[in-house]
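Working notes for the structure below.
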Amino acid sequence: MRGMFLRLSTKLLNISIASLCKAKQLEKAESAIIDGIRLGVLPDVITYNTLITGYCQLISFDAGYSVIHRMREAGIKPDVVTYNSLMAGATKQHSLSQCLNMLDEMLDSGIIPDVWSYNTLMHCFFKLGKPDEAYRVFHDILLKNISPCQATFNIMINGLCKNGLTTKALRLFRDLQRHHEYIPEIITYNILLNSLCESLMWKDMMRLYDELHELGHSPNAITYTTIMKGCFRCRRFDVGVEIFVEMKRNGYAHDLFSYCTIIGALLKSGQKQDTYNCIAHMIKIGYELDLASFNTLINLHCKEGKLEHAYNLVNVAEESGKNCDKYTHTILIDGLCQAGEIDVAWRHLEHMKKMGFDCLVAFNCFINSLCKGGHLDYALRIFYSMDVKDAFTYSSLIHNLCLARRYHLAAKLLLSCIRDGFRTLKADQKAVVKGLSTTGSKLDVKRFKLKLRIAKLSYY
DNA sequence: ATAGGGTTAG
């Protein structure tokens with residue numbers, strides 16, 4: 001009777017440890033264990049595994065790993081879940097070596113890895129940009145007598161997408177459907193939809209969106225937010241807003257994610273009144289605003305030229321313990337540029353760089369603003385000093401060089417842009433060709449067109 | 001334990 005009571009108590013202890021860890025209350029979790037022991041309720045392997053997950057999530061892999069020693073001292077043997085949790089912790093902090101070490105240690109202790117050990121290893125390879133190795137693990141799973149679970153396929157498809165291999169991911173998805181009686185989950189669709197959205201493949205995205213309905217799935221909040229973002233990115237504002245309306249009708253539009261998406265889009269498309277209405281709704285729902293929501297509001301103030309309001313909001317965010325991230329800094333730098341405060345913007349940019357943030361977008365804002373202000377050579381100097389560029393960096397310069405009738409340089413940058421693997425606008429290509437034909441010789445145009453064709457060939 | 005939001009060009 002007493003034994004049963006204590007076992008039941010351990011179960012209760014574990015439930016409370018899990019919820020304390022979830023609430024980021026590790027110290028309370030620790031003292032709950034001590035209190036339990038005092039009352040004769042002994043922690044078991046599940047207690048320690050939960051604690052390990054908590055330490056890995058909230059502190060570090062090392063903190064999680066040190067629990068293993070305490071476990072052994074208490075006479076409890078780590079099991080497969082223990083090591084899987086540690087592998088997840090290593091993956092979280094991008095440590096492939098520690099992830100592999102945990103797999104070794106698991107095997108050395110005579111524990112047989114399960115499908116989740118392999119899932120986590122795959123995830124780790126993908127996270128570190130090693131899709132080939134991840135694929136090898138996937139094949140291993142299929143070769144060995146381990147049955148893959150839905151997450152195995154999801155991690156695989158997501159990993160391919162996140163490594164820029166959307167087409168491969170889609171092919172795997174279709175192969176699984178054709179040959180393996182595979183019923184994808186809504187999560188799988190969300191992964192693929194997001195990737196199509198980011199590749200600006202609007203039609204494919206909408207086709208897949210129809211397909212999930214045909215398979216009997218219902219979109220969830222994540223599906224709706226993803227589709228909305230895709231519509232806005234592809235400039236289909238009307239369809240995006242329709243999705244938001246449907247989302248609201250189905251009771252899904254109650255989180256900060258959906259509001260940030262729609263507010264950003266309304267602001268961009270210049271629908272002021274709707275923007276304010278949405279912000280009022282978002283605040284009325286009563287969630288505590290997170291950093292992304294603050295950034296959305298800070299951006300609104302910047303776009304309206306109210307920099308003081310923007311800085312006030314930055315203070316409010318920081319006072320509630322939310323530190324500015326690269327989005328906040330970029331938004332402020334863009335706001336300063338738009339307000340003509342080029343020098344302040346530059347100082348902020350240098351500050352941002354010194355703090356180790358990724359400054360690419362902020363540089364793009366700065367360059368674009370210099371171009372618009374007619375300081376093309378200043379913009380070019382910055383451009384040449386940058387070691388990472390993207391399509392936006394090139395596009396600002398090419399466009400403005402054309403406006404300034406400096407077609408030869410525009411042509412040169414357009415070619416570098418394509419050679420670096422970035423998309424260019426059709427309109428910019430046309431402007432360069434037209435400009436060359438009015439200012440240069442016919443031979444120049446011919447040469448440029450040939451180089452353009454070769455650049456495209458070598459890339460695709 | 002795998003999925004979504006917020007920044008830049010035209």
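Below, read A as the first sequence line, B as the second, and so on, with proteins coming before strands; counting in each chain starts at 1. Hydrogens, waters and symmetry mates play no part in the numbers below; they use all other heavy atoms, side chains included.
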- [ ] Assign the ring pair A:F61 / A:Y65 to parallel, tilted or perpendicular, where the plane angle (0 to 90°) is split at 30° and 60°.
- [x] parallel
Open item on the list: Categorize A:L291 for me: base, sugar-phosphate, or nothing, with a 4.0 angstrom heavy-atom threshold over every strand shown.
Closed with: base
Task: A:T424 and A:Q429 side chains, donor-acceptor separation under 3.5 Å - done: yes
Open item on the list: Starting the side chain at C-beta, find the nucleotide from B:dT8, B:dT2, B:dA9 nearest to A:S396.
Closed with: B:dA9
Task: Rounded distance (Å) that lies between atom P of B:dA1 and atom CD1 of A:I52 - done: 15 Å
- [ ] Please state how far atom CZ in A:F126 lies from atom P in B:dA1, giving the value in whole angstrom units.
- [x] 20 Å
- [ ] Determine whether any donor atom in the side chain of A:T225 lies under 3.5 Å from an acceptor atom in the base of B:dG4, or the reverse, and answer yes or no.
- [x] yes
- [ ] Report the nucleotide, chosen from B:dG4, B:dA1, B:dT8, that has the shortest atom-to-atom distance to any side-chain atom of A:A221.
- [x] B:dG4
TODO: Measure the distance between the ring centre of A:Y224 and the centre of the six-membered base ring of B:dG4, then answer whether it is under 5.5 Å with planes under 30°.
DONE: no
TODO: Calculate the interatomic distance between A:N400 atom CG and B:dT8 atom C1'; express it in whole Å.
DONE: 13 Å
Open item on the list: Below the 4.0 Å mark, does B:dA3 have OP1 or OP2 next to a side-chain nitrogen or oxygen of A:N158?
Closed with: yes
Task: d(CE, A:M228; P, B:dA3) in whole Å - done: 20 Å
Open item on the list: If you assign each of A:F392 and A:N84 to its closest nucleotide in DNA chain B, which residue comes earlier from the 5' end?
Closed with: A:N84
TODO: Respond yes when some side-chain nitrogen or oxygen of A:K268 is under 4.0 Å from OP1 or OP2 of B:dT8, and no when none is.
DONE: yes
TODO: Select one nucleotide: of B:dT8, B:dA3, B:dT7, the one nearest the side-chain heavy atoms of A:T330.
DONE: B:dT7
- [ ] Using only side-chain N and O atoms of A:K303, determine if any of them is under 4.0 Å from OP1 or OP2 of B:dT8.
- [x] yes
Open item on the list: For a quick check of understanding: with a heavy-atom distance under 4.0 Å over all strands, which category does A:N220 fall into, base, sugar-phosphate or nothing?
Closed with: base
TODO: Could you check whether A:I191 gets within reach of a base, just the sugar-phosphate, or nothing at all, counting any heavy atom under 4.0 Å?
DONE: sugar-phosphate
Task: Parallel, tilted or perpendicular, as decided by the 30° and 60° cut-offs, for the rings of A:F422 and A:Y394 - done: tilted
TODO: Quick one: label A:K372 by what it contacts on the DNA or RNA (base, sugar-phosphate, nothing), any heavy atom closer than 4.0 Å.
DONE: sugar-phosphate
TODO: With A:N364 as reference, evaluate A:D390, A:D334, A:T330 under the side-chain hydrogen bond (donor to acceptor under 3.5 Å, both in side chains) test and give the passing residue.
DONE: A:D390
Task: Residue A:I155, side-chain heavy atoms: nucleotide from B:dT2, B:dG10, B:dG4 that is nearest - done: B:dT2
TODO: Please state how far atom CG in A:L414 lies from atom C1' in B:dG10, giving the value in whole angstrom units.
DONE: 13 Å
Open item on the list: Looking at A:L297, I'd like to know if its CG atom is crowded, meaning that more than 12 non-hydrogen atoms belonging to other residues, nucleotides or ligands lie closer than 6.0 Å.
Closed with: yes
Task: Separation of atom CZ in A:F383 from atom P in B:dT8, rounded to whole Å - done: 20 Å
Task: Residue A:D255, side-chain atoms from C-beta onward, closest of B:dG4, B:dT2, B:dG10 - done: B:dG4
TODO: Using a 4.0 Å heavy-atom cut-off across all strands, classify A:T328 as base, sugar-phosphate, or nothing.
DONE: nothing
TODO: Fit a plane to each ring of A:F366 and A:W346, take the angle between them on a 0 to 90° scale, and name the class: parallel (under 30°), tilted (30 to 60°) or perpendicular (over 60°).
DONE: tilted
Open item on the list: At less than 3.5 Å, do the side-chain atoms of A:R235 and the base atoms of B:dG10 form a donor-acceptor pair?
Closed with: yes
Open item on the list: Quiz question: going by heavy-atom distance under 3.5 Å, is there a donor-acceptor pair between the base of B:dA9 and the side chain of A:S395?
Closed with: yes
Open item on the list: Between A:K162 and B:dG4, is there a contact of a side-chain N or O with OP1 or OP2 at under 4.0 Å?
Closed with: yes
TODO: Whole angstrom is fine here: how far is it from CG in A:D325 over to C1' in B:dT7?
DONE: 9 Å
- [ ] Would you mind classifying the nucleic acid contact of A:I331 as base, sugar-phosphate or nothing, using non-hydrogen atoms under 4.0 angstrom?
- [x] sugar-phosphate
Task: Over-ring placement of A:K162 relative to A:F126, 6.0 Å and 45° cut-offs - done: no
- [ ] Using atom CD of A:Q338 as one end and atom C1' of B:dT7 as the other, report the distance to the nearest whole Å.
- [x] 11 Å
TODO: Could you tell me whether A:A391 contacts a base, only the sugar-phosphate backbone, or nothing, with contacts defined as non-hydrogen atoms closer than 4.0 Å?
DONE: nothing
